[in-house]
Trainee: 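Below you'll find the structure I mean.
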Amino acid sequence: MLKALATRAAQSLRKSWKQHLTTLALAWVAIVAVDTWRTRDLPQGPAPDVALVMAPSAGAAGAAATTAPTTLAAWRAQHPGQAVAVHFWAEWCSICKLEEPSIASLSTTWPVLGVAMQSGNAERVAQVQRQRGMPWQTAVDPQGTLSRSWGVRSVPALVVIDAHGQVRFATSGYTPEWAMRLRLWWAQTMPQWKALLPKK
């Protein structure tokens, strides 16, 4: 009798594991499908070189706070040989606020360029960054024109560009810090591995 109960329990456990595994597989497929749909217009291949108007940095004040225009290529040139992250965010976006600590932590070890979409002029964006303790450099996109040119339809969005200027990853919506770091590490490491492979 005890043996029969143990056998039934084992069979039930096997069935439930199969059901859970199927549920997990379906959830994973759904997540990948939604992420693919959300990022369908984000750039692939060479990163678009666009003109940027930068918000004054968090430490600058008064007349010293300039909003000198630059380009993405010029900003990337300040970080030679490194993968970089371009983070699209907005002052009014609640999910962006949840992501801010992760971006702040990420910016201590990786180059991060923020793009403030529809969040006001350069002075307003700089004020928001000072108030919230957002230390990364940020370009201002008051009308959302720059974001739309990159295919960004919603924020937050993260685009990872490798050291050779190729877009390696693009994601839209909340991204955990470990996933950001993994994408940047992969974008940094993959071209180095490819260079070690024998040429055909």
Trainee: Side chain to side chain contact (heavy atoms under 4.5 Å, CB included) for L158 and M180? Distances and angles first, verdict last.
Mentor: CA-CA 8 Å; L158 183 78; M180 295 178 198; 3.6 Å; yes

Trainee: Check whether any side-chain N or O of R183 sits under 3.5 Å from a backbone N or O of R168 as a donor-acceptor pair, and report yes or no.
Mentor: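 Side chain of R183 to backbone of R168, a donor-acceptor pair under 3.5 Å: no, none is there.
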
Trainee: Decide yes or no for V160 and W110: does some side-chain heavy atom of the first lie under 4.5 Å from some side-chain heavy atom of the second?
Mentor: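 Answer no - side chains too far apart.
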
Trainee: Quick check against the 3.5 Å criterion: does Q82 have a side-chain atom that pairs as donor or acceptor with the backbone of R76?
Mentor: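 Not at all, since once roles are kept as given, no pair shorter than 3.5 Å links the two residues.
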
Trainee: Could you give the distance from CG (L106) to OG (S102), rounded to the nearest 0.5 Å?
Mentor: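 OG of S102 is found 8.5 Å from CG of L106.
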
Trainee: Search all heavy atoms of L184 against all heavy atoms of A85 and return the closest pair with its distance.
Mentor: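 It is CD2-N, 4.0 Å.
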
Trainee: Atom OG1 in T138, atom CD in Q129: separation rounded to 0.5 Å?
Mentor: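 CD of Q129 is found 3.5 Å from OG1 of T138.
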
Trainee: Would you check if the side chain of D141 reaches a backbone N or O of V115 as a donor-acceptor pair within less than 3.5 Å?
Mentor: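 Not at all, since once roles are kept as given, no pair shorter than 3.5 Å links the two residues.
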
Trainee: Answer yes or no: is there a donor N or O on one side and an acceptor on the other, between the side chain of W92 and the main chain of Q118, under 3.5 Å?
Mentor: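 It does hold such a pair.
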
Trainee: Quick check: closest heavy atoms across I95 and P156, and the distance to 0.1 Å?
Mentor: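 Shortest heavy-atom contact: CG2-CD, 3.7 Å.
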
Trainee: Which heavy-atom pair separates L113 from A139 by the least distance, and what is that distance?
Mentor: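 Shortest heavy-atom contact: CD1-N, 4.2 Å.
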
Trainee: Could you tell me if Q137 and W75 have a donor-acceptor pair between their side chains, going purely by distance under 3.5 Å?
Mentor: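 Judged by distance alone, the side chains do pair up.
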
Trainee: Going through the checks in order, is the side chain to side chain contact (heavy atoms under 4.5 Å, CB included) test met by M54 and T70?
Mentor: CA-CA 7 Å; M54 303 300 285; T70 187; 3.8 Å; yes

Trainee: Between S105 and R181, is any side-chain donor less than 3.5 angstrom from a side-chain acceptor?
Mentor: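 On atom types as modelled, these side chains qualify, holding a pair under 3.5 Å.
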
Trainee: Measure the CD-CZ distance between Q143 and R148 for me, rounded to the nearest 0.5 Å.
Mentor: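 Going from CD on Q143 over to CZ on R148, the span is 8.0 Å.
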
Trainee: Where is the tightest heavy-atom contact between S149 and V50, given as atom of each residue plus distance?
Mentor: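 Scanning both residues, the minimum pair turns out to be OG-CG1, 4.5 Å.
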
Trainee: Can you name the closest pair of heavy atoms from A126 and A55 and give their distance?
Mentor: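 Closest pair (atom of A126, atom of A55, distance): N-CB, 4.3 Å.
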
Trainee: Tell me the closest heavy-atom pair linking S119 and V125, and the distance in Å.
Mentor: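 Smallest interatomic distance, heavy atoms only, reads O-CG2, 3.9 Å.
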
Trainee: About how many Å separate OG of S172 and CZ of F88, when rounded to the nearest 0.5 Å?
Mentor: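 Those atoms lie 10.5 Å apart.
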
Trainee: Could you check whether R124 and Q127, counting side-chain N and O atoms only, form a donor-acceptor pair closer than 3.5 Å?
Mentor: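 There is such a pair between these side chains.
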
Trainee: Could you state the interatomic distance from CE (M117) to OG1 (T145), rounded to the nearest 0.5 Å?
Mentor: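 So the gap between those two atoms works out to 10.5 Å.
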
Trainee: Evaluate the side-chain proximity of V53 to L146: yes if any heavy-atom separation is below 4.5 Å, no if none is.
Mentor: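 L146 vs V53: side chains apart.
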
Trainee: How are the rings of W136 and H87 set relative to one another: parallel (under 30°), tilted (30 to 60°) or perpendicular (over 60°)?
Mentor: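 It falls in the perpendicular class, over 60°.
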
Trainee: When rounded to the nearest 0.5 angstrom, what distance separates CD in Q131 from CD in E91?
Mentor: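 Q131 atom CD to E91 atom CD measures 8.5 Å (nearest 0.5 Å).
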
